[in-house]
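A quick write-up on the structure given underneath.
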Amino acid sequence: QVQVVESGGGLVQAGGSLRLSCAASSRTFTTYAMAWFRQAPGKAREFAAAISWTGGRTYYGDSVKGRFTISRDNAKNTVSLQMNSLKVEDTAVYYCAASVAYGTPSGEYEYKYWGQGTQVTVSS
């Protein structure tokens, strides 16, 4: 069982930056791939970024590639998402998720543990 809790959401102007954090409660944190998904109002949940167990591999969705960076600190059981050059269309609830799958899975079904989400709002 893994509990994940997101933090760091808020309101930011377009072009600005925001950093999200995710804390996971598990002694086996290093055996989980971690990811960020997001869901905008009226839209399906969308994959944003994933990072492998060791942090050596990362994978990004096309809409965030080049602007977002995912990282993890296995000593602290945390995962972060640095978001730069934010756009109005980045407005969404951002979810942190944990998976026992190998590598950097991008499918929702591959993630068993989910946080409650944190709201990110980008204004024009």
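Considering every non-hydrogen atom in both Phe29 and Asp73, the closest pair reads CE2-O, 4.2 Å. Nearest heavy-atom pair across Ala50 and Pro105 is CB-O, 3.6 Å. Counting all heavy atoms, side chain and backbone alike, Ile70 lies closest to Met34 at CD1-O, 4.0 Å. Across Val2 and Ala98, no two heavy atoms sit closer than the pair CG1-CB, 4.5 Å. When all heavy atoms are compared, the tightest approach of Ser17 to Ser85 is OG-N, 4.4 Å.
The side-chain hydrogen bond (donor to acceptor under 3.5 Å, both in side chains) analysis of residues 3-16, with sequence neighbours excluded, yields no pairs. Sorted by first then second residue, the salt bridge (charged side-chain N to carboxylate O under 4.0 Å, His left out) pairs that include residues 103-124, not counting sequence neighbours, are Arg45-Glu108. Residue pairs meeting the disulfide (SG to SG under 2.5 Å) criterion with at least one member in residues 27-124, sequence neighbours excluded, are Cys22-Cys96.
Distance CG/Leu20 to OG1/Thr118: 6.0 Å, rounded to 0.5 Å. Rounded to the nearest 0.5 angstrom, Arg57 CZ and Thr104 OG1 are separated by 5.0 Å. For the atom pair OG1 of Thr28 and CD of Gln1, the computed distance is 10.5 Å after rounding to the nearest 0.5 Å. In this structure, the separation between OG1 on Thr69 and CZ on Arg19 is 9.0 Å, given to the nearest 0.5 Å.
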For residues 88-95, which side-chain donor-acceptor pairs fall under 3.5 Å, sequence neighbours excluded?
{"unit_1": "Asp90", "atom_1": "OD1", "unit_2": "Arg38", "atom_2": "NH1", "d": "2.8"}
{"unit_1": "Asp90", "atom_1": "OD1", "unit_2": "Arg67", "atom_2": "NH2", "d": "2.9"}
{"unit_1": "Asp90", "atom_1": "OD2", "unit_2": "Arg67", "atom_2": "NH1", "d": "2.7"}
{"unit_1": "Asp90", "atom_1": "OD2", "unit_2": "Arg67", "atom_2": "NH2", "d": "3.4"}
{"unit_1": "Asp90", "atom_1": "OD2", "unit_2": "Lys87", "atom_2": "N", "d": "2.7"}
{"unit_1": "Thr91", "atom_1": "OG1", "unit_2": "Val88", "atom_2": "O", "d": "2.9"}
{"unit_1": "Thr91", "atom_1": "OG1", "unit_2": "Val122", "atom_2": "N", "d": "2.9"}
{"unit_1": "Thr91", "atom_1": "OG1", "unit_2": "Val122", "atom_2": "O", "d": "3.4"}
{"unit_1": "Tyr94", "atom_1": "OH", "unit_2": "Arg38", "atom_2": "NH1", "d": "3.0"}
{"unit_1": "Tyr94", "atom_1": "OH", "unit_2": "Asp90", "atom_2": "O", "d": "2.7"}

Name every donor-acceptor pair, under 3.5 Å, that has one atom in a side chain of residues 74-81 and the other anywhere in the protein, sequence neighbours excluded.
{"unit_1": "Asn74", "atom_1": "OD1", "unit_2": "Arg72", "atom_2": "NE", "d": "2.7"}
{"unit_1": "Asn74", "atom_1": "OD1", "unit_2": "Arg72", "atom_2": "NH2", "d": "3.3"}
{"unit_1": "Asn74", "atom_1": "ND2", "unit_2": "Trp53", "atom_2": "O", "d": "3.1"}
{"unit_1": "Asn77", "atom_1": "ND2", "unit_2": "Ala24", "atom_2": "O", "d": "3.3"}
{"unit_1": "Asn77", "atom_1": "ND2", "unit_2": "Ser26", "atom_2": "O", "d": "2.8"}

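Counting only heavy atoms from C-beta outward, the side chains of Val12 and Thr121 never approach each other to under 4.5 Å. The shortest side-chain heavy-atom distance between Tyr111 and Val100 does not fall under the 4.5 Å cut-off.
Checked by atom type, the side-chain pair Ser71/Gln82 shows no donor-acceptor distance below 3.5 Å.
Checked against ring pair (Phe, Tyr, Trp, His ring centres under 6.0 Å), Phe47 has the following partners two or more places apart in sequence or in another chain: Phe37, Tyr59.
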